[in-house]
Amino acid sequence: FTGLIIVPPFDEFIPIANERNVLNVQTHSGSAVHNAFAHPLIVHEPDQHNHPAVRTQPKPINPTVEKIFFVGRVERSKGAREMYELAKLLPEKHFYFAGDVCGDVADWEKPDNITLLGAIPNAKVLDYLDEADIFLLPSYSEGCSMALIESMARGVPGVVTDVGAN
């Protein structure tokens, strides 16, 4: 996996501006992310702290990663090949993939430590995010990944490819 970036949990970001649907944020460590799209899940107004998808308390992070979660179409362009290979390299970890299996991925030999959940309701996605230690998104291309925004809103650290708005 070359070109991966580690995305901190959402609660690591501090909104510092909100103009014209553009949000400049700064992490607690001081590094800035400028011109991030201001999505409704991004808490930048006090009254949005009550959005049901946003955690109100910090998520405890498991020091030993055991559960890895992906949500999206399980297909080549989303990095399915790389996720299958990673699962083979880490047989003691468990991978949960929420989303339809597309293309020839259905014909691949699935490692035993991958659970294919299929398409699940958003409430179940939030439940899986709450249980996950890592959110994985090795896509070859992305615009503004809603799945990544949701994982950050739930406080789940992400391992994603450095593409698009990731």
Side-chain angles (χ1 to χ4, degrees), residues 1-14 23 25-37 39 41-43 53-55 57-103 105 108-120 122 124-166:
F1 291 117
T2 58
L4 289 181
I5 57 174
I6 308 298
V7 178
F10 184 78
D11 60 2
E12 292 294 313
F13 287 97
I14 305 169
L23 181 67
V25 296
Q26 182 173 5
T27 65
H28 289 293
S29 64
S31 61
V33 179
H34 300 286
N35 298 327
F37 178 72
H39 182 271
L41 288 181
I42 297 176
V43 180
V54 178
R55 286 183 71 91
Q57 299 296 316
K59 175 181 174 31
I61 302 299
N62 186 350
T64 59
V65 172
E66 296 172 15
K67 296 177 183 174
I68 300 167
F69 186 63
F70 165 85
V71 62
R73 292 180 319 275
V74 182
E75 63 184 359
R76 285 180 185 266
S77 67
K78 293 290 188 180
R81 173 71 66 198
E82 290 79 5
M83 291 188 290
Y84 272 49
E85 293 301 318
L86 182 61
K88 290 176 188 175
L89 291 172
L90 302 171
E92 71 284 359
K93 310 298 181 194
H94 202 89
F95 294 75
Y96 298 90
F97 297 171
D100 293 325
V101 177
C102 301
V105 177
W108 298 352
E109 182 179 338
K110 182 181 71 66
D112 292 338
N113 58 334
I114 291 179
T115 299
L116 297 173
L117 303 167
I120 61 175
N122 193 52
K124 290 298 287 180
V125 169
L126 298 179
D127 291 342
Y128 275 97
L129 284 168
D130 288 344
E131 293 297 319
D133 299 312
I134 294 286
F135 175 75
L136 181 61
L137 185 65
S139 288
Y140 286 88
S141 67
E142 284 291 335
C144 182
S145 170
M146 295 301 297
L148 178 58
I149 291 171
E150 288 174 344
S151 73
M152 292 168 56
R154 299 308 289 177
V156 183
V159 177
V160 303
T161 44
D162 189 8
V163 297
N166 288 355

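A quick note: this is a predicted structure, and the numbers were derived from the prediction, not measured. These numbers come from the heavy atoms of this one structure, side chains and all, not from hydrogens, waters or symmetry mates.
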Asker: Does the Ser77 side chain pair with the main chain of Tyr140, one donor and one acceptor, at a distance under 3.5 Å?
Answerer: no
Asker: I'd like to know if Asp130 pairs up with Arg154 as an ion pair, taking the criterion as any Lys NZ or Arg NE/NH1/NH2 lying under 4.0 Å from an Asp or Glu carboxylate oxygen.
Answerer: yes
Asker: Distance-only, no hydrogens or angles: does the Asp133 side chain make a donor-acceptor pair with backbone N or O of Lys67 under 3.5 Å?
Answerer: yes
Asker: Are any non-hydrogen side-chain atoms of Val160 and Ser145 less than 4.5 angstrom apart?
Answerer: no
Asker: Using side-chain heavy atoms (C-beta onward) and a distance below 4.5 Å, is Glu150 in contact with Leu148?
Answerer: no
Asker: Do Trp108 and Arg81 make a side-chain contact, defined as non-hydrogen atoms from C-beta onward lying under 4.5 Å apart?
Answerer: yes
Asker: Are any side-chain N or O atoms of Lys93 and backbone N or O atoms of Leu86, one a donor and one an acceptor, separated by less than 3.5 Å?
Answerer: no
Asker: List the atom of Ala119, the atom of Asp100, and the distance in Å for their closest heavy-atom pair.
Answerer: CB-OD1, 3.7 Å
Asker: For Ala87 and Asn113, which heavy atoms make the closest approach, and how far apart are they?
Answerer: O-ND2, 3.0 Å
Asker: Got more than 12 heavy atoms from elsewhere within 6.0 Å of NZ, Lys88?
Answerer: yes
Asker: Would Glu75 and Lys78 pass as an ion pair if we require N to O under 4.0 Å?
Answerer: no
Asker: Would you say that Val71 contacts Tyr128 through its side chain, given a criterion of any heavy-atom pair below 4.5 Å between the two side chains?
Answerer: no
Asker: What is the ring orientation for His94 with Tyr96, classed by angle as parallel under 30°, tilted 30 to 60°, or perpendicular over 60°?
Answerer: tilted
